S.K.: 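Quick one: structure below, then a few questions.
Here the structure is a predicted model, which means the values were calculated and not measured. Scope of the values below: all heavy atoms of this structure, side chains included, with no hydrogens, waters or symmetry mates.
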Amino acid sequence: MFFFKQRQQRVWYDEQNNGNEEGDNVVKIGTLRRAPEIVAVFARHGFAGYIKDLGLAEKIPFTRWAAKEQNVKGEELRRALEDLGPTFMKLGQFLSTRTDLLPPSWTEPLAKLQNSAPAMPFDDIRKIVELEAGQPIEDWLLYIEEMPLGAASIGQVHRAALKDGTEVAIKIRRPGIEPMIRNDISILRQLASLAERNSELARQISLKAIIDDFAAALGREMNYRLEATEAAGMRESMKDKRIYVPRIFSEWTTERMLVMEFVNGKSLRGNVIKEMDVERRQELARALSETVLRQVFIDGVFHADPHPGNLLLLHDGRLGLIDFGNTGRLSEDMRHLLSDCLFALADRDAAALSMLVLELGARKPIERRQLQRDISRWMAGYMDIELAEVQMGAMLQELFAVAGRHHISIPKDFVQVGQAFLKVEQTVIALDPGSSLSGMVRDMAKEVLFGRIHPKEMIRESRSFLRLFKMAANKLPSILNETLNEWEGGQPKLKMHVTADNNLMRRLERMASLIVLSVIMLAFSIIMAGIFVSMGNQSPISGTNTYIIALITAFLMTVLFMTVLYLMWRKIK
């Protein structure tokens, strides 16, 4: 935590100097130090072996961390990410959702990362608020409380009131956080590119794509205008009167400041739930489940982080839904694919489910029969259990893990659905242990199925099909004409795309390295032979200076050769 506070102070200094040459130099120096600093922190927590597995060994000093630590798990990774500051804490939270890549022993500790930070001084908050609003605080606010409602690594929230008396919550992005995150993301991308060049493991998990997805998600979370748009859209589409979404004041909202209606309530945690009567708890459990399911399967826009901290029990008994920095969007095709997966699961159809999982996209050729067998084996665990009794969130996480073992990329939107189901299910069970999200999914399936066969939907799909068919039909005559002309001229063209095999490329690279190493050894032998011949033609006494120069040259050539030999050996290995 001491390191984290130091980073914040340094970033604040960088921000204050942003725009002048001295500030730019500070940032550049920080960038040069940051990459080795990142690798060193991971190595200190026992990840030197994993760093080498990812092809990043050249970032580690030669002899300091040679051994691969044993039994290093998610708890050590969580501590390393905490030491590295806000960007990496967010990375840990992001990785905690990737059950297709990491086992529970890694994801569960990462999910415990606390997104908290020391509060910023109120004078700094005042400057940002006035800068974003374009006027002094007194001109548009009755008051703003100096004590924050909450302080996270990216933003800080204060209670205030507009001139008309409307109470609002103002979220302000921390000053200096953007250049630090941009710098860290740039370094992560460079390390990911280096890893994919040197490591088969990094290529298998598509490390660059993972970092790109994380950067995109973090960029959306930092842009408060996007969060305001999502919140306003959910407020407009909310059908359930038992769920309340606060109003957004778009006229005051900017990219760095979000102004929304203040909702006074208590977080939906243990003590608050215990104080409610059973009937009220059951009603809220059903309202929350139906809302999330409708957002996923009908609206296509859903709150991806419905944990108890983002759910408030209001004074009028309704549930308030807040914090829309993490939302998911599903296209119509994605919604259909997700519902088809659930239909196949309900029918215990492993063959259909394996085909649907394959549509998600494989990173490399896979064995279809093996995938179907693994899905059948996974599904066997649910054969004797009614779908209404299944924990949907945990079940989807297991399915994603099976797909990940077969190098099938799970779209981030699907991962968000799995996390949303997992979190809302935990809250629903706390409210009403007898309720089940899966049972409500079964009821929702009827509405989804009828919606897909509704005349309006079928007409829309027919129009789309005819449009695509017409486009293909328009291209067909010209394609046939070009093909016939090529055949008549006796010059038909055959285009093929050949994807290089990773093992073959690795063998070729090793052969090339061996050839280069042989040439270097031959050159070294010739040079050293020449030096020793010249030394043999004179005595150490009569030609002292020349003799010393020859010895120094031989020594330097030996050091240079051994260094090149070591680097080439590591490359070949």
S.K.: Compare all side-chain heavy atoms of S267 with those of L312 and state whether any distance is below 4.5 angstrom.
M.R.: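 The answer is yes, as the side chains (C-beta and beyond) meet within the 4.5 Å cut-off.
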S.K.: For residues 299-315, pull every pair meeting salt bridge (charged side-chain N to carboxylate O under 4.0 Å, His left out), keeping only residues two or more places apart or in separate chains.
M.R.: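 Listed by first then second residue: D305-K423.
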S.K.: Which heavy-atom pair separates A151 from Q156 by the least distance, and what is that distance?
M.R.: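 Minimum heavy-atom separation between A151 and Q156: CB-OE1, 3.8 Å.
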S.K.: Keeping to residues at least two apart or across chains, list the salt bridge (charged side-chain N to carboxylate O under 4.0 Å, His left out) pairs with something in residues 147-157.
M.R.: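 Applying salt bridge (charged side-chain N to carboxylate O under 4.0 Å, His left out) to every pair that reaches into residues 147-157, excluding sequence neighbours, yields nothing.
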S.K.: Is V424 close to H303 at the side-chain level, that is, under 4.5 Å between some pair of heavy atoms?
M.R.: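 Side-chain contact under 4.5 Å: no.
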S.K.: Could you work out, with side-chain contact (heavy atoms from CB on, under 4.5 Å) as the rule, every residue matching T291, not counting sequence neighbours?
M.R.: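 Per chain and number, T291 pairs via side-chain contact (heavy atoms from CB on, under 4.5 Å) with M238, D240, I243, Q295.
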S.K.: Inspect the surroundings of CD in E251 and state if more than 12 heavy atoms from other residues, nucleotides or ligands are less than 6.0 Å away.
M.R.: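 Enclosed.
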S.K.: Could you work out, with salt bridge (charged side-chain N to carboxylate O under 4.0 Å, His left out) as the rule, every residue matching R269, not counting sequence neighbours?
M.R.: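 If we apply the salt bridge (charged side-chain N to carboxylate O under 4.0 Å, His left out) test to R269, skipping adjacent residues, there are no hits.
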S.K.: Does R329 come within less than 4.0 Å of E230, counting only side-chain N to carboxylate O?
M.R.: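 Salt bridge present between R329 and E230.
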S.K.: F414: which residues meet the ring pair (Phe, Tyr, Trp, His ring centres under 6.0 Å) condition with it, sequence neighbours left out?
M.R.: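 Ring pair (Phe, Tyr, Trp, His ring centres under 6.0 Å) check on F414 returns nothing, list empty.
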S.K.: Which residues pass the side-chain contact (heavy atoms from CB on, under 4.5 Å) test with N264, not counting sequence neighbours?
M.R.: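 Partners of N264 by the side-chain contact (heavy atoms from CB on, under 4.5 Å) criterion, ordered by chain and then number, come out as F262, H315.
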S.K.: By side-chain hydrogen bond (donor to acceptor under 3.5 Å, both in side chains), which residues pair with R225, not counting sequence neighbours?
M.R.: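 Counting only residues at least two positions away or on another chain, R225 forms no side-chain hydrogen bond (donor to acceptor under 3.5 Å, both in side chains).
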S.K.: Do E221 and K90 sit within salt-bridge range, that is, some charged N less than 4.0 Å from a carboxylate O?
M.R.: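 Looking at E221 and K90, the cut-off is met.
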S.K.: Could you walk me through whether Y244 and E261 satisfy the side-chain hydrogen bond (donor to acceptor under 3.5 Å, both in side chains) test, starting with their C-alpha distance in whole Å, then the side-chain angles of each, then the deciding distance to 0.1 Å, before giving a yes or no?
M.R.: CA-CA 11 Å; Y244 185 74; E261 176 187 0; 2.7 Å; yes
S.K.: Filter on salt bridge (charged side-chain N to carboxylate O under 4.0 Å, His left out), then keep only pairs touching residues 147-165, sequence neighbours left out; what's left?
M.R.: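 Qualifying pairs, neighbours excluded: R159-E167.
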S.K.: I want to check something: taking the side chain as every heavy atom from C-beta on, are M234 and V301 in contact at a cut-off of under 4.5 Å?
M.R.: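 In contact.
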S.K.: Should E200 and R203 count as an ion pair when the cut-off is N to O under 4.0 Å?
M.R.: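 Yes.
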S.K.: Can you name the residues that form a ring pair (Phe, Tyr, Trp, His ring centres under 6.0 Å) with F400, not counting sequence neighbours?
M.R.: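 Testing F400 for ring pair (Phe, Tyr, Trp, His ring centres under 6.0 Å), a comparison that skips the adjacent residues, returns none.
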S.K.: Partners of F214 by ring pair (Phe, Tyr, Trp, His ring centres under 6.0 Å), sequence neighbours excluded?
M.R.: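 Partners of F214 by the ring pair (Phe, Tyr, Trp, His ring centres under 6.0 Å) criterion, ordered by chain and then number, come out as F94.
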S.K.: What residues, two or more places apart in sequence or in another chain, satisfy salt bridge (charged side-chain N to carboxylate O under 4.0 Å, His left out) together with R247?
M.R.: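 So R247 forms no salt bridge (charged side-chain N to carboxylate O under 4.0 Å, His left out) with any residue.
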S.K.: Before you tell me yes or no, could you show the steps for V129 and M257 under side chain to side chain contact (heavy atoms under 4.5 Å, CB included), namely the whole-Å CA-CA distance, both residues' side-chain angles and the distance that decides it to 0.1 Å?
M.R.: CA-CA 7 Å; V129 171; M257 183 174 74; 4.1 Å; yes
S.K.: Check whether the side chains of E132 and T254 place a donor and an acceptor atom closer than 3.5 Å, and report yes or no.
M.R.: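 Per modelled atom types, E132 and T254 side chains form a pair under 3.5 Å.
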S.K.: With sequence neighbours excluded, what pairs up with E398 under the side-chain contact (heavy atoms from CB on, under 4.5 Å) test?
M.R.: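 In terms of side-chain contact (heavy atoms from CB on, under 4.5 Å), with neighbours along the sequence ignored, E398 is linked to W378, Y382.
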S.K.: Looking at D212 and R189, is any side-chain nitrogen of the basic one under 4.0 Å from a carboxylate oxygen of the acidic one?
M.R.: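 Looking at R189 and D212, the cut-off is met.
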